[in-house]
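Take a look at the structure below.
No hydrogens, no waters, no symmetry mates; every other heavy atom, side chains included, goes into these values. Computed from a predicted model, the values in this text were never measured in an experiment. Letters A, B, ... are given to chains in the order of the sequence lines, protein chains preceding strands, and every chain is numbered from 1.
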2 protein chains.
Amino acid sequence: MARVHFQQDLDNLVAQVIETIKLVENSMSLATRALLDADQALAEKAIDTDAAIDGRCREIEGVLIELQMRQQPVASDLRLLLATQRILGDLERSGALAKNVAKQVRRRYPDHVVPERMRETVAEMGDTAVSLLNKAGLVFAEQDAALARELEADDDHMDTLHRALLQQVIAGTGTDPVATTVDLTLCGRYYERFADHAVAIARQVIYRSTGELA
Amino acid sequence: MARVHFQQDLDNLVAQVIETIKLVENSMSLATRALLDADQALAEKAIDTDAAIDGRCREIEGVLIELQMRQQPVASDLRLLLATQRILGDLERSGALAKNVAKQVRRRYPDHVVPERMRETVAEMGDTAVSLLNKAGLVFAEQDAALARELEADDDHMDTLHRALLQQVIAGTGTDPVATTVDLTLCGRYYERFADHAVAIARQVIYRSTGELA
C-alpha cells in the first residue's frame, strides 16, 4: 500500500512540474508580446507570474524533500527526485528571465524597447525560447531521451539569432539611444539563457533514464 | 564502522566543495585582472579553469549521488547532500560567468574592453564578487547562518555598483564605440549574477541548518 501511494506521489510530482513548465512558457510568451507591443498590462502579468512560479517551485521542492526523507527511494526513483530538484532551479531562473524581459517594458513605457529593424529577430527569439521549453516539457513528460538530444540543435538556432541580434545592435551605432543598446544587449542575453535552461531540463531527462550526467 | 566511513565521506565531500569554491574565486579574480589589464594570458587561464571547475563539480556530483544511493541518509545528512547538489549548480554557473568575462578580453585583445572612466567601478565589482564568494565559502565551511544573512547586504552593494556602471555606460553616449556599450552591459550583468550565486550558496547553508528553504 505504501508503495502504491509512493508511485502516486511521484506521478503527482511529475504532473506538478509539467504544470509549472507551462506556467513559465506562458510567462515568457506574455513578456515577449509585451515587449513587441509595448504593452504594460501584459508586462505586469508576466512580472506577477514570476512570484507564482517561485511559489510553486518552493512547494514542489518541499514535497520532493519530504518524499526523499520518508521513502528513502533508490535507483530510478531517486534519480527522478534528483533530476526534478535540478529542474526546479532551471524553472525558477527561467521565470526570472521572463520577468527581466517584462521589466524592460515597464521601465521604458510608453516608449518601445525594440527598434523596428530588430522586431523580427526578437520575435523569433521569443518564439524559439518558448518552443524550446515546450519541447523540454514534452521530453520530461515522456522521458524521451532522443527528443532531448534534438533540443541541442534548437539551441544552436537560438545562438545564431542571438549573434544576429548583437550585430543589429552594433549596426545601430550613432542612431540608437544608448539605452536601446543596453536594453537589447541584455534582452538577447535573457532569451539565450532561457534557452540554455530548457536544454538543461532536457538533459536531466537523459540523466534520469541512463544515470549518466549529460 | 559503516557509520564512521559515511561521516568521513561527508567530510571529504565538504572539503572538495570548499576547494572548488576557491577555484571559482581564483578564476573570477584572474578574469578581472585580465579585463583590467587586457592581459590575454590571464584570460586564457580563466577560460581553461572553467573546464576544470565543471570537471570537479561533475565528480562531486557523482560522489553525492552514490552516497545517497548507498547510505540512504536522513535528516541533517540528507539536507547536507541536497544543499551541496544545489551549490554545485551555482559553482558551475559562477565558473561560466568568470569565463564570460575572460572571453570578452580575448575577443577585444589587444584593445581594452573597459574605458578608463569605468575602471574603478569594474575593479570594485570584481573585488566584491570574489569577496562575496569567499564569504559564502566560509559560511559553508563553518555552517554560519548569521554570516549567511550578512551576504545579502554585500549583494546590495553589488547592485549599487551595477547601477553605477550602467549609468557610466549610458553617459558614454556618442563617445564610446557600441561594442564597448555592449561589452560593459554584459560584463556588469556577469558580476551581478556571480554575486547572486554566492548569495544562493550561503542560503543553502541556512536551509541545511534549519531545514527552511530561504
In Å, rounded to the nearest 0.5 Å, how long is the span from NZ of A:Lys99 to CG of A:Leu30?
15.0 Å
Whatever's closer than 4.5 Å to a heavy atom in chain B on A:Arg86 counts as side chain
So, B:Ser27 side chain and B:Leu23 main chain: donor-acceptor pair closer than 3.5 Å or not?
no
Quick one: what part of [X] sits under 4.5 Å from any heavy atom of chain A, side chain, backbone, both or neither?
{"X": "B:Asn100", "result": "side chain"}
{"X": "B:Pro177", "result": "neither"}
{"X": "B:Ile170", "result": "both"}

Less than 3.5 Å apart, any donor N or O on the side chain of A:Tyr191 or A:Thr128 sitting next to an acceptor on the other?
no
Donor-acceptor side-chain pairing of A:Asn12 and A:Gln16 below 3.5 angstrom
no
Heavy-atom pairs under 4.5 Å with chain B are the metric here; pick the option from A:Val182, A:Leu184, A:Thr181 that has the most.
A:Val182
Would you call A:Arg117 and A:Asp176 a salt bridge, using N to O less than 4.0 angstrom?
yes
